Student: 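Can you keep this structure in mind? I'll have questions shortly.
Model, not experiment: these values are computed from the prediction. Side chains included, hydrogens not; waters and symmetry mates left out as well; all remaining heavy atoms used.
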There are 2 protein chains.
Amino acid sequence: MTSQPDSALHSDVANPSRREQILRAAAQLFAERGSRAVGVDDVGAAVGVTGPAIYRHFASKDAMLAEMLLRISERLLAGGTERIAAAGDDPADQLRALVDFQVDFALDNPALITVQDRDLGALSDPDARRVRQLQRRYVEEWVAVLARLHPDASTAAVRARAHAVFGLINSTPHSAGRLSRPATAALLAEMAIAAATAR
Amino acid sequence: MTSQPDSALHSDVANPSRREQILRAAAQLFAERGSRAVGVDDVGAAVGVTGPAIYRHFASKDAMLAEMLLRISERLLAGGTERIAAAGDDPADQLRALVDFQVDFALDNPALITVQDRDLGALSDPDARRVRQLQRRYVEEWVAVLARLHPDASTAAVRARAHAVFGLINSTPHSAGRLSRPATAALLAEMAIAAATAR
DNA sequence: CGGCGGTGTGAACCGTGGTTAACCTCACCC
DNA sequence: GGGTGAGGTTAACCACGGTTCACACCGCCG
């Protein structure tokens with residue numbers, strides 16, 4: 001799951017294609033200022049290129065954002081499914097696996113977390129629908145696990161619980177900094193489990 | 001037509017001044033689409049008026065947003081201080097008071113919650129600084145209480161914990177709907193306390 | 001060598017949207 | 001009853017930013 005010699009059309013972390021560089025820089029800028037507040041020129045400048053050069057790699061600014069959000073949702077859904085499968089049958093183990101996964105993702109990609117819930121509304125209707133569908137499927141993974149831990153709770157309550165746990169873990173971008181990464185991870189995981197299993 | 005001579009400069013909930021109507025409509029629209037995506041015309045239309053009419057009540061669109069965010073921060077800080085004072089000396093009681101307060105606020109004003117952390121970056125530097133200062137003071141109220149409950153935790157850890165609890169409670173806008181208000185309030189409060197006191 | 005696809009540039013185009021200007025109406029008041 | 005000021009309206013102004021265009025550069029392949 002690390003660097004392959006890139007036979008498959010440049011998707012390396014070490015030597016990213018220009019397209020990839022743009023996507024990363026854009027994610028960073030979008031997270032800092034909001035997608036509507038950053039210009040195409042800003043994104044270009046961030047990778048050492050002028051604004052219009054972007055259009056050699058993306059059809060439009062909106063297409064850039066759409067691809068960004070779709071990727072995030074896909075990564076989360078795929079990762080969640082995988083972690084659950086690897087965790088065995090005990091719902092408590094599955095919960096811990098999901099929590100660890102989400103905590104790692106949030107700590108590794110605070111910018112993506114921020115963009116995902118701030119700029120979803122800037123997408124075109126069809127794109128927004130696809131992203132929301134992926135997000136919903138991911139949430140349902142959590143709901144299924146939480147439902148087994150709270151057998152007598154309504155699905156509405158379980159879903160609200162899932163969203164609350166996301167909110168807790170995704171608070172990372174707000175508290176970024178002072179605490180060390182492993183300490184933050186341990187703290188968030190502990191709190192998330194406590195919140196998820198409360199009552 | 002609607003104007004009612006209000007002894008105290010029109011700040012009624014039942015019969016709000018035009019200025020007040022605008023602020024509320026704007027908060028709603030900003031929450032739904034983001035401040036940069038809603039036009040002055042949209043805000044005007046929402047209160048049955050044309051766009052430029054806004055300028056009879058606000059110096060600019062940015063001034064509108066600034067006043068909105070400043071009020072939120074002030075209400076939170078004032079409310080937090082008051083609830084702590086009314087809760088007595090036991091930090092556990094103080095925590096519960098803060099949690100209940102924040103839960104009520106979040107459930108009563110999901111739009112304001114959304115706008116506050118999404119559009120802070122759209123403020124002018126001086127306005128943003130004032131809002132951040134008020135927010136920081138509110139956070140510090142929480143930190144003080146949490147510190148007494150976790151005597152051997154670093155301030156950085158306690159601050160991260162506070163942000164995580166905010167994230168949990170402020171998840172309301174995402175899970176809005178299906179569950180009844182009192183049920184949601186009870187669930188969020190329970191989870192927040194569990195997360196705040198975990199370990 | 002010569003064309004060709006891929007990438008980048010500066011200039012120009014143009015819609016959108018915040019803001020201002022000029023004018024209107026009407027309740028209120030001396 | 002005419003002046004006044006608050007609050008609206010429409011039309012115009014203007015800056016900003018996404019997008020397109022025409023052109024340049026360059027590595028590569030036949």
Student: Between B:His57 and D:dA6, is there a side-chain N or O to OP1/OP2 distance below 4.0 Å?
Tutor: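 Negative; the distance criterion is not met.
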Student: Please report, rounded to the nearest Å, how far the P atom of D:dG18 is from the CG atom of A:Asp62.
Tutor: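 In whole Å, D:dG18 P and A:Asp62 CG are 10 Å from each other.
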Student: Are A:Thr50 and C:dT9 close enough that a side-chain N or O sits under 4.0 Å from OP1 or OP2?
Tutor: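 For C:dT9, OP1 or OP2 has a side-chain N or O of A:Thr50 closer than 4.0 Å.
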Student: So what does B:Val38 hit on the nucleic acid, given a heavy-atom distance under 4.0 Å: a base, only sugar-phosphate, or nothing?
Tutor: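 Counting heavy atoms under 4.0 Å across all strands, the contact made by B:Val38 is with sugar-phosphate only.
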Student: Between A:Ala59 and B:Gly48, name the one whose nearest nucleotide on DNA chain D is closer to the 5' end.
Tutor: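 Closest to the 5' end, via its nearest nucleotide, is B:Gly48.
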Student: Measure CZ/A:Phe30 against C1'/D:dG17 and give the value in whole Å, please.
Tutor: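 To the nearest whole Å, that distance equals 13 Å.
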Student: With a 4.0 Å cut-off, would you call A:Asp90 and A:Arg148 a salt bridge?
Tutor: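 Salt bridge absent between A:Asp90 and A:Arg148.
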Student: In whole angstrom, what separates B:Arg19's CZ from D:dA6's P?
Tutor: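 Atom CZ in B:Arg19 sits about 14 Å away from atom P in D:dA6.
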Student: Contact between A:Arg71 and A:Leu23 at the side-chain level, heavy atoms closer than 4.5 Å - yes or no?
Tutor: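 SC-SC contact between A:Arg71 and A:Leu23 confirmed.
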Student: Grab the CG-P distance between A:Asp41 and D:dC16 for me, whole Å please.
Tutor: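 Atom CG in A:Asp41 sits about 12 Å away from atom P in D:dC16.
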Student: Could you state the CD1-P distance from B:Ile54 to D:dG7, rounded to the nearest angstrom?
Tutor: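 After rounding, the gap between these two atoms is 13 Å.
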Student: Roughly how far apart are A:Ile54 CD1 and A:Asp42 CG, rounded to 0.5 Å?
Tutor: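 Going from CD1 on A:Ile54 over to CG on A:Asp42, the span is 10.0 Å.
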Student: Taking side chain as C-beta onward, heavy atoms only, is A:Gln116 less than 4.5 Å from A:Ser73?
Tutor: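 Side-chain contact under 4.5 Å: yes.
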Student: Mapping A:Gly51 and B:Ala53 onto DNA chain D by nearest heavy atom, which one lands closer to the 5' end?
Tutor: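 This one resolves to B:Ala53.
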Student: Quick one: which of C:dG8, D:dG18, C:dT19 gets closest to the side chain of B:Pro52?
Tutor: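 Among the listed nucleotides, the one closest to the side chain of B:Pro52 is C:dT19.
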Student: Out of C:dT19, C:dT9, D:dT20, which has the shortest distance to the side chain of B:Ser60?
Tutor: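 Shortest atom-to-atom distance from the side chain points to C:dT19.
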Student: Starting from C1' on C:dG15, measure out to NZ on A:Lys61 and report it in whole angstrom.
Tutor: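 In whole Å, C:dG15 C1' and A:Lys61 NZ are 15 Å from each other.
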Student: It should be established whether B:Arg18 places a side-chain nitrogen or oxygen under 4.0 Å from OP1 or OP2 of nucleotide D:dG8.
Tutor: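 Yes, such a contact exists.
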Student: Rounded off to whole Å, could you give me the OH-to-P distance for the A:Tyr55 and C:dT9 pair?
Tutor: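 Going from A:Tyr55 (OH) to C:dT9 (P), I get 15 Å.
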Student: So B:Glu141 and B:Leu77, do their side chains get closer than 4.5 Å, heavy atoms only?
Tutor: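 Contact flag for B:Leu77/B:Glu141 side chains = yes.
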Student: A:Arg56 has a side chain; which of D:dG7, D:dT19, C:dG8 sits nearest to it?
Tutor: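 Nearest to the side-chain atoms of A:Arg56, counting from C-beta on, is C:dG8.
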